[in-house]
Amino acid sequence: MPNPTPATTKASAALAEVVAAERLRIVATLIRTTGDWDLAEDCFHDALTRALATWPVKGIPDNPAAWLTTAAKNRAIDLLRKAQAEQRATERAAHEPPPEQGKEDEEDDVIATFDDDRLRLIFTCCHPALAMENRIALTLRTVLGLSVAETAHVFLVSEQTMQKRLVRTRAKIRDAGIPYRVPPPHLLPERLAGVLAVLYLLFTEGYSSGGDSPDLIRPALADEAIRLTRLVAQLMPHQPEVLALLALELFQHSRAATRLDAAGDLVLLEDQVRSRWNALAIAEASRTLAAAERTLQQQASPPGPYLLQAQIAAEHATAPSAAATDFARIVALYEHLSRVAPSPIVDLNRAIAVSCSEGPDAGLALLDTLQLDAHLGEYHLLHATRADFLRRLGRPTDALPHYCRALELAPSDPERRFLQRRVDGVSRNGWPR
Amino acid sequence: MQYLLLIISDPAAPTYVPEEDNIEEWVADLEARGAAVVGNRLRPPSDATTVTVRDGKTILTDGPFTESKEWIAGFDVIEVDNLDDALEIAAAHPMARFGRVEVRPAWPFD
């Protein structure tokens with residue numbers, strides 16, 4: 001390869017910039033106009049190759065995103081005509097104005113439809129007729145633009161397996177007639193909940209993998225999920241649950257740097273150095289939550305599960321110290337949440353909040369009433385929570401077997417090391433040497 | 001697009017309550033939408049005969065193609081714009097409550 005000329009370097013930089021900012025818009029528009037997900041992706045990459053060849057010679061176009069969209073659309077029309085495949089899609093693509101004539105009009109047209117296209121793509125990727133893991137895989141690949149290899153890594157499967165899964169998922173969208181659209185009003189609440197579930201799963205997947213992990217892709221998912229939630233919030237500013245989810249993610253993410261210490265060991269919320277929490281993230285989260293609450297009031301609708309979770313997160317994030325946290329309000333919010341969106345995890349968290357508000361004996365009594373073992377028997381935090389209540393009640397011998405069970409079930413090294421220290425601690429107290 | 005709705009009986013589903021069976025309403029809605037193509041209830045699997053031709057020989061088996069506790073109790077072919085419409089129609093079918101409904105897109109003519 002010849003040495004890059006200044007023009008080449010400049011063109012590459014411009015291309016990288018436009019891809020980072022506009023990839024989602026362009027791909028989403030291509031999928032709508034061609035009706036073919038695979039073709040859209042191929043043509044997008046073809047347009048990138050053309051840009052790298054053309055821009056150093058002819059200069060960087062005024063509107064690089066429109067240039068790429070047009071180049072990719074033209075490529076799609078060529079391919080569709082050549083293969084004489086999917087006649088309907090050809091007609092649809094051919095109805096787009098040709099790139100050179102009426103260029104300004106076309107750019108206006110493109111910009112006018114962009115926002116909807118991004119939402120169309122997100123809603124289609126998160127359609128409930130697709131299995132949850134396929135929704136997440138397709139969102140990672142198509143919406144967030146991860147490579148197939150990166151997407152495979154998130155699921156810990158081979159690239160080949162992931163490629164097959166993506167092909168099958170796109171085939172189902174096409175063959176089963178999943179519409180490429182933002183759902184109509186009567187379907188919107190349910191479908192939006194599905195989109196938010198995907199976004200929150202992406203976030204927690206990244207968040208729980210730990211900030212200091214040598215693994216670079218999974219932690220970055222938390223940032224990507226926030227970016228995408230922010231985009232959906234911008235596109236649907238009147239949906240309180242979207243704003244609430246963004247606030248919830250930001251509140252949790254504000255603690256990313258303090259959850260593990262320098263040795264990679266788990267630091268409990270009450271022991272974290274609050275001055276190291278990300279104040280900017282907390283401020284944005286608080287503003288966003290306030291906007292969600294205002295919208296809810298205007299619409300006179302009841303709070304949804306993300307709003308209640310964001311309010312709980314806000315209590316933790318804005319308390320001056322662990323001791324000064326308003327646990328009574330947190331208990332009330334969990335009680336509300338367990339009515340709006342009942343789940344054993346919510347019940348477990350409610351019991352923890354009760355133990356902080358009214359003492360470990362009250363927490364233990366609630367835990368006994370709730371009988372969560374049927375659902376959460378394999379969940380390490382159920383056992384760790386019971387053990388913790390018993391330890392705080394001065395019953396180390398009773399706590400020990402529950403800490404041991406939690407240790408057996410714990411999924412990550414920092415959590416195992418933490419629980420091992422607890423096991424050692426209560427063992428010493430229970431059987432003094 | 002055409003979709004086949006397979007109406008499936010499920011022994012684990014809530015007990016069938018004849019008074020809550022609003023199938024006539026459902027059919028009326030289907031016709032009002034202009035989505036109805038063809039549909040019917042089916043006699044039980046014990047009335048089924050399965051036909052297999054191998055090496056030119058026709059083999060008849062008394063019973064359904066697969067023995068299972070769940071069986072196909074009816075079918076409807078509908079013509080709608082997209083999967084969302086098909087899913088909405090399927091969810092409104094009384095047997096979605098007393099059994100389940102599988103929605104299958106038909107392979108289109110090229």
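Proteins get letters first, then strands, A, B, ... in listed order; numbering begins at 1 in each.
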Enquirer: Which heavy atom of A:D175 sits nearest to which heavy atom of B:M1, and what is that distance?
Expert: O-CE, 3.2 Å
Enquirer: Quick one: what part of A:A176 sits under 4.5 Å from any heavy atom of chain B, side chain, backbone, both or neither?
Expert: both
Enquirer: Any chance CG of B:D47 has more than 12 other-residue heavy atoms, nucleotides or ligands included, within less than 6.0 Å?
Expert: yes
Enquirer: Show every donor-acceptor pair shorter than 3.5 Å between a side-chain atom in residues 9-33 of chain B and any protein atom, with sequence neighbours excluded, or say none if there are none.
Expert:
{"residue": "B:S9", "atom": "OG", "partner": "B:W71", "partner atom": "NE1", "Å": "3.3"}
{"residue": "B:D10", "atom": "OD1", "partner": "B:A12", "partner atom": "N", "Å": "2.8"}
{"residue": "B:D10", "atom": "OD2", "partner": "B:R100", "partner atom": "NH2", "Å": "2.8"}
{"residue": "B:Y16", "atom": "OH", "partner": "B:D21", "partner atom": "OD2", "Å": "2.4"}
{"residue": "B:D21", "atom": "OD1", "partner": "B:I23", "partner atom": "N", "Å": "3.0"}
{"residue": "B:N22", "atom": "OD1", "partner": "B:R97", "partner atom": "NH2", "Å": "2.9"}
{"residue": "B:W26", "atom": "NE1", "partner": "B:I89", "partner atom": "O", "Å": "2.9"}
{"residue": "B:D29", "atom": "OD2", "partner": "B:R33", "partner atom": "NE", "Å": "3.2"}

Enquirer: How long is the span from the CG atom in B:L87 to the NE2 atom in A:H127, to the nearest 0.5 Å?
Expert: 6.0 Å
Enquirer: Write down the atom of A:G177, the atom of B:N82, and the distance for their closest heavy-atom approach.
Expert: O-CB, 3.3 Å
